[in-house]
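Letters go in sequence order (proteins before strands), and every chain restarts at 1.
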Amino acid sequence: MPELPEVTTITNQLKREIIGSTIGDVRSVGGYKTQPEFPEFKKRSLGLKVSSVRRIAKNIVIEVVSAKGVSTNMYIVIHLAMTGRLLLRSLGYKPDPWTRLVFKLEAGSGKPVTGVELRFCDSRMFGFVRLASQEELEQYANKYGPDALDEKLTPKVFLEQLKKKRTEVKRALLSQDLIAGAGNIYVNDSLWMARIHPMTRTTDLKSNDAVNLLGALQEILQESIEHRGSTLGDKMYIDVYGEEGTHQNHFRVFGKNGQPCIRCGTLIETFDLGGRGTFFCSTCQVKNAVTVKQNPPSNVKQVGLF
DNA sequence: ATGTTTGTTCCGAT
DNA sequence: CATCGGAACAAACA
């Protein structure tokens, strides 16, 4: 579930809560596998102090140093994939479903924490928790394209990246090696906002499309971060405090099959692209359109988005 | 029982 | 050999 806004929300909350804390204990539940193998993982991470937390693509990267602050060249890399959660719970808080790994955190030099647990939960177990050296982390980070929210990402570079794959624009946007961070929800809504059909070939995209699409993507991602991400009906995504996001109340087309387009009233359609649910407005989003502004039918009430 | 799922990787086909 | 696209990964839920 978590895409860039959800991972950013969790990363920001962890920055606020766990920097300066030390790892007092680590517990693997039901033989959950880490990398390296759990006994080694535990041995290497015990007693270390959290010095920074950051996001790389959809990964959460926790830098750990020795208790005295000496660099260990070690990072805890967490990917939530589809159903992963990170929950910060007070000691003794009721068990969370699908708990796989628990870090017991103790007060470090920076934080008057009396004792909390950071719980990694993952129903489908597509996510992972691993230790990486600086070199391993750099190599791992290298496979990603520029981050969708990178300030240095220009429409020109954005378009060059997308055109590296000769396929539909929706597929290209989902390829993390081209542009990192976007997932199915935000790609659907960004294409709608930019009035681009999901099936448009990347090779048919014009520079004007790139300006619109990058603008839409960044606007929607930022907006979702402000809403602390999207929690769908299955409630799989919640933040470290267990709170749901609210951006699901601001979806443009995602999950809105059969509902009227908020811009023109046409019923939203859905189909499968890249094995993912794809939602679009057949009036607003025309393949290879020469950016023609659509006037909504007069009987449709305008929604004040634009 | 069947179909669905927000991410990523792998393997077969082209 | 490189690229692309579908299947697979595993589990819960409707």
Side-chain angles (χ1 to χ4, degrees), chain A residues 1-10 29-33 35 55-60 77-86 96-101 120-130 139-145 147-148 161-192 198-203 217 220-221 223-225 227-239 244-258 270-279:
Chain A
M1 328 231 318
E3 306 179 27
L4 183 150
E6 291 77 22
V7 178
T8 300
T9 300
I10 289 170
V29 180
Y32 183 74
K33 287 184 163 49
Q35 210 182 72
R55 176 182 68 76
I56 295 178
K58 296 173 190 167
N59 301 272
I60 296 156
V77 181
I78 301 169
H79 199 301
L80 302 175
M82 301 275 265
T83 57
R85 291 172 167 171
L86 278 175
D96 287 295
W98 316 302
T99 300
R100 309 296 182 184
L101 203 64
F120 172 74
C121 309
D122 190 5
S123 153
R124 289 172 73 183
M125 295 205 287
F126 289 170
F128 61 78
V129 180
R130 64 175 64 137
Q139 192 178 0
Y140 180 63
N142 238 338
K143 69 178 187 171
Y144 291 108
D147 194 84
Q161 287 295 110
L162 292 182
K163 286 193 175 192
K164 283 184 181 174
K165 275 205 171 71
R166 279 165 305 208
T167 181
E168 300 93 343
V169 60
K170 190 196 173 196
R171 249 185 240 281
L173 274 174
L174 289 171
S175 297
Q176 304 296 301
D177 54 334
L178 299 182
I179 299 292
N184 197 38
I185 291 174
Y186 301 105
V187 163
N188 272 288
D189 276 10
S190 300
L191 287 166
W192 174 87
M199 296 266 279
T200 308
R201 311 294 299 190
T202 55
T203 45
L217 180 62
I220 287 178
L221 291 174
E223 192 185 282
S224 180
I225 291 169
H227 294 136
R228 295 180 1 273
S230 304
T231 299
L232 302 188
D234 62 7
K235 309 287 186 225
M236 282 315 298
Y237 165 72
I238 47 180
D239 67 15
E244 297 176 14
T246 62
H247 187 76
Q248 64 278 11
N249 302 320
H250 304 270
F251 286 163
R252 274 56 172 208
V253 293
F254 183 81
K256 293 195 179 286
N257 186 30
T270 184
F271 65 100
D272 185 291
L273 207 175
R276 290 292 176 291
T278 304
F279 302 87

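Between the C1' atom of C/dC9 and the NE2 atom of A/His79 lies a distance of 14 Å, rounded to the nearest Å. A/Leu174 places its CG atom 14 Å from the C1' atom of C/dC4, with the value rounded to the nearest Å. Atom-to-atom, CG of A/Leu232 to P of C/dC13 comes out at 15 Å; the value is rounded to the nearest Å. Going from atom OH of A/Tyr140 over to atom P of B/dT8 covers 8 Å, rounded to whole Å. We find that OH of A/Tyr32 is positioned 12 Å from C1' of C/dA10, with the value rounded to whole Å. Rounded to whole angstrom, the span from the CG atom of A/Asp122 across to the P atom of C/dA11 amounts to 10 Å. Rounded to a whole Å, the CZ atom of A/Arg166 is 17 Å from the P atom of B/dT14. Look at CD on A/Glu168: it is 13 Å from C1' on C/dG6, rounded to the nearest Å.
Taking atom P on both C/dC1 and B/dT9, the two are 23 Å apart, rounded to the nearest angstrom. For the P atoms, the distance linking B/dT4 with C/dG6 amounts to 16 Å, nearest Å. The P atoms of C/dA10 and B/dC11 are separated by 14 Å, rounded to the nearest whole Å.
For C/dC9, the OP1/OP2 oxygens have no side-chain nitrogen or oxygen of A/Arg124 closer than 4.0 Å. Close to C/dG5, at under 4.0 Å from its OP1 or OP2, lies a side-chain N or O of A/Thr167. The shortest distance between the side-chain N/O atoms of A/Lys235 and the OP1/OP2 oxygens of C/dA12 is not below 4.0 Å. Look at A/Lys165 and you won't find any side-chain N or O under 4.0 angstrom from OP1 or OP2 of C/dT3.
No contact: A/Gly275 has no heavy atom under 4.0 Å from any strand.
By the 5.5 angstrom centroid cut-off and the 30-degree plane limit, A/Phe126 is classified as stacked against the base of C/dC9.
In summary, the aromatic rings of A/His247 and A/Phe254 are positioned with their centroids too far apart to meet the 6.0 Å limit.
Nearest heavy-atom pair across A/Lys163 and A/Thr203 is NZ-O, 3.9 Å. Nearest heavy atoms, A/Cys121 versus A/Pro97: CB-O, 3.6 Å. Between A/Gly127 and A/Asp122, the shortest heavy-atom contact is N-OD2, 2.9 Å.
Across the interface with DNA chain B, nearest-nucleotide mapping of A/Gln176 and A/Gly277 shows A/Gly277 to be the residue nearer the 5′ end.
Distances were taken from every side-chain heavy atom of A/Met125 (C-beta onward) to each of C/dA10, C/dA12, B/dT8; the shortest belongs to C/dA10.
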Between A/Ser230 and A/Tyr186, is the side-chain hydrogen bond (donor to acceptor under 3.5 Å, both in side chains) condition met? List the steps. CA-CA 10 Å; A/Ser230 304; A/Tyr186 301 105; 2.7 Å; yes
